[in-house]
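One-based numbering, in listed order, for ligands and for the atoms of each. Fair warning: this is a prediction, and the values are worked out from it, not measured in the lab.
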Amino acid sequence: MENLSIFLIEKEPNTMQLLKMYLKELDYVEIIGESEDLNNSIAQVLKILPDVIITDISENPDKNYEIIESIIDKHPTVKIIATANEYSTDTIIRAMRAGIREFLPKPLIKDNLLKSIDKFKTQILDKTKENETNSKVITVFSNKGGVGKTSIAVNLALELANITKEKVALVDLNMHLGDITTFLDITPSFNISYLIKKIEGANEDFMLSTLEQYNNTEMYVLADPPYREEAKKILPNEIKKMINALRTTFSYIIIDTNSTFDEITVTTLDNTDLILLVSAINVPAIRNCQRCLDAFDRLGYEEEKTKIVVNRYMENDDIKLEDVEKALDKEIYWKIPNNYYTITSAISKGKPVSVINNDSNIAKSYRELATNISDNIYRQSAIKIINRNPLAVLENLI
Ligand SMILES: Nc1ncnc2c1ncn2[C@@H]1O[C@H](COP(=O)(O)OP(=O)(O)O)[C@@H](O)[C@H]1O
Ligand SMILES: [Mg+2]
């Protein structure tokens, strides 16, 4: 197997030593350069073109983002892992916008570092498997209409595309009754029915020209078939094939569903990595949510496959979130604030919420949801609880 070349940028000698020690465990890794400072390394990095750069960005992050953008501009395939002492969701969003693919808080955790490198190895050295292993299918579901599924699917997909800069497919599986084209005010040339007919041998170029790219973003829309007759002909197995085919091109596939447990929906849910189960905070909605969780259990889904998203959340609601969690025996993963004014104005203008008012609580909530869902942050939540001094670890290790 080929080697994966890494360039290390770290001022703190102990952390540098720790990095090297951890990376030694991966026999395919070759450290081809090191430096104390990102700004002074630009020329060297652009000369030796490493596969991966691991760099500290704690000091002067804005300047560092600029340098990173300029490096990626000249060496577009480079994967960048940023490390930092302090961070916030905002830092991570900015880092990802600059093209940083992984973010690891300090003190570094060996497992997280090695996992990030391993992911890049799959992408760089094992091209054929790239998308199979990395793409994530997220289905927004509820067995009730009008709870906000389409709003979530549309805005989440766009934020994921903007933040991660990876390709995102937004798929409307509300066969012949879909709303996504209305929410985005677009008229795509093709739809699910066409893609399914051409699915054999569909490659990346075909996918990118069949799905409708939204306004020069990385979000590509796949609309539902407009006619009932056409929609009726689609078989569950074809949906499965379609999802698998989409996985080869898109890093994230966001699916908007209808509200019934029909064959198409169950096939979709079966082939989904993460279900966002949407609920409002009222008794009938919570009961329905319970029924869905029971159904998922009977379908054999693991508990972690489903996350609960509360929509139209109001702080002064009579029903408390703790009570909902108790009733569902499950944690609430996300709350999207009630903001009728912003969302209706977005829907009626056919624009994403971030375009209507990027600073609104609801735009912020979709954006942070996207940040949380991207792989990078998943790992982070586990990291936060660990607090230790790297020096102390080194002393014990050596
Ligand atoms: N966070 C929110 N705050 C206020 N109103 C919302 C919110 N999300 C959705 N809505 C309202 O609910 C309606 C239904 O939303 P939609 O996304 O179409 O739901 P679904 O796809 O589940 O049927 C929208 O027209 C909008 O007015
Ligand atoms: Mg809908």
Side-chain angles (χ1 to χ4, degrees), residues 138-160 169-186 188 191-192 214 219 221-226 228 231 253-262 264-265 268-269 272 275-282 284-289 291-292 306-317 319 321 324 332-370 372:
I138 302 167
T139 298
V140 186
F141 183 76
S142 160
N143 60 349
K144 275 196 95 157
V147 294
K149 290 189 295 295
T150 306
S151 310
I152 295 171
V154 165
N155 290 288
L156 169 65
L158 185 65
E159 290 301 334
L160 270 173
L170 172 62
V171 183
D172 197 339
L173 277 180
N174 293 274
M175 297 303 193
H176 90 276
L177 295 170
D179 291 326
I180 288 179
T181 53
T182 315
F183 274 53
L184 292 171
D185 191 23
I186 51 172
N191 62 52
I192 291 177
Y214 180 70
M219 178 171 87
V221 179
L222 184 58
D224 58 320
R228 187 180 152 78
I253 298 150
I254 311 298
I255 304 179
D256 184 18
T257 53
N258 66 24
S259 313
T260 38
F261 275 109
D262 57 19
I264 298 278
T265 305
T268 306
L269 294 171
T272 290
I275 303 171
L276 296 180
L277 180 59
V278 187
S279 180
I281 299 284
N282 60 54
I286 296 162
R287 284 234 174 89
N288 272 311
C289 205
R291 288 190 192 116
C292 287
T306 309
K307 291 195 187 291
I308 306 221
V309 176
V310 163
N311 194 29
R312 309 194 69 163
Y313 171 68
M314 287 183 284
E315 277 185 22
N316 49 2
D317 216 321
I319 307 180
L321 289 184
V324 180
I332 290 168
Y333 168 65
W334 206 258
K335 327 186 264 287
I336 297 171
N338 186 52
N339 189 336
Y340 188 75
Y341 176 77
T342 308
I343 196 106
T344 36
S345 125
I347 296 170
S348 61
K349 294 196 171 93
K351 290 194 159 69
V353 161
S354 58
V355 172
I356 297 296
N357 183 355
N358 198 31
D359 296 326
S360 59
N361 59 358
I362 188 163
K364 206 165 157 231
S365 181
Y366 290 133
R367 187 153 62 237
E368 287 181 358
L369 172 62
N372 256 272

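Residue contacts with ligand 1 leave out S259, since none of its heavy atoms falls under 4.0 Å from the ligand. Using 4.0 Å as the threshold, Y313 has no heavy atom nearer than that to any atom of ligand 1. In this structure, G146 is part of the shell of residues with a heavy atom less than 4.0 angstrom from ligand 1.
For the pair Y214 and P352, the minimum side-chain heavy-atom distance is below 4.5 Å. Side-chain contact check for L173 versus N258: every heavy-atom pair is 4.5 Å or farther apart.
When F141, F183, Y341 are ranked by how near their heavy atoms come to atom 18 (O) of ligand 1, first place goes to F183. Comparing P337, S345, S348, G145 against atom 1 (N) of ligand 1, the shortest heavy-atom distance belongs to P337.
Counting only heavy atoms of the protein, atom 25 (O) of ligand 1 lies nearest to I347 CD1, 3.6 Å. Of the protein's heavy atoms, I343 CG2, 3.4 Å lies nearest to atom 6 (C) of ligand 1. For atom 8 (N) of ligand 1, the nearest protein heavy atom (residue, atom name, distance) is N311 ND2, 3.0 Å. Counting only heavy atoms of the protein, atom 11 (C) of ligand 1 lies nearest to R312 NH1, 4.0 Å. Protein heavy atom in closest approach to atom 22 (O) of ligand 1: K149 N, 2.8 Å. Scanning all protein heavy atoms for the shortest distance to atom 19 (O) of ligand 1 gives G148 N, 2.9 Å. At the top of the distance list for atom 4 (C) of ligand 1, counting protein heavy atoms only, stands N338 OD1, 3.2 Å.
Between the side chains of D224 and N174, not a single donor N or O lies within less than 3.5 Å of an accepting N or O. In this structure, a donor-acceptor pair under 3.5 Å is absent between the side chains of S360 and N357. Defined by atom type and a distance below 3.5 Å, a donor-acceptor pair is missing between the side-chain atoms of N288 and S279.
Atoms of ligand 1 lying under 4.0 Å from any heavy atom of S151, numbered from 1 in the order shown and given with element: 9 (C), 15 (O), 16 (P), 17 (O). Numbered from 1 in the order shown, with element, the atoms of ligand 1 that lie under 4.0 Å from a heavy atom of T150 read 17 (O), 20 (P), 21 (O). Listed by atom number, the atoms of ligand 1 under 4.0 Å from T344 heavy atoms are 27 (O).
Below 3.5 Å of separation, one finds no N or O of Y366 facing any N or O of ligand 1. The shortest N/O to N/O separation between V147 and ligand 1 falls below 3.5 Å.
When heavy-atom distances to ligand 1 are checked against a 4.0 Å cut-off, I362 comes that close only through its side chain, counted from C-beta outward. Contact annotation: for N339 versus ligand 1, heavy atoms closer than 4.0 Å belong to the backbone alone. At a heavy-atom cutoff of 4.0 Å, ligand 1 is contacted by no atom of S142, backbone or side chain.
Of the residues N339, T342, N338, the one that meets the side chain to side chain donor-acceptor pair (under 3.5 Å) test with N361 is N339.
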Q: Output, in order, the C-alpha distance, side-chain angles, deciding distance and verdict of side-chain contact (heavy atoms from CB on, under 4.5 Å) for I254 and M219.
A: CA-CA 10 Å; I254 311 298; M219 178 171 87; over 6 Å; no
Q: Might you work through the side-chain contact (heavy atoms from CB on, under 4.5 Å) test for N372 and Y333, ending with a clear yes or no?
A: CA-CA 10 Å; N372 256 272; Y333 168 65; 3.4 Å; yes
Q | Residues L269, F261; criterion side-chain contact (heavy atoms from CB on, under 4.5 Å); working and verdict | A | CA-CA 10 Å; L269 294 171; F261 275 109; 4.0 Å; yes
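Atom CD1 of I275 sits about 12.0 Å away from atom OG of S142, to the nearest 0.5 Å. In this structure, I362 CD1 and N311 CG are separated by 6.5 Å, a value rounded to the nearest 0.5 Å. For the atom pair CG (D317) and CZ (R312), the distance works out to 11.5 Å, reported to the nearest 0.5 Å.
Distances from the Mg ion (ligand 2) show that N174 has no N/O/S atom below 2.8 Å.
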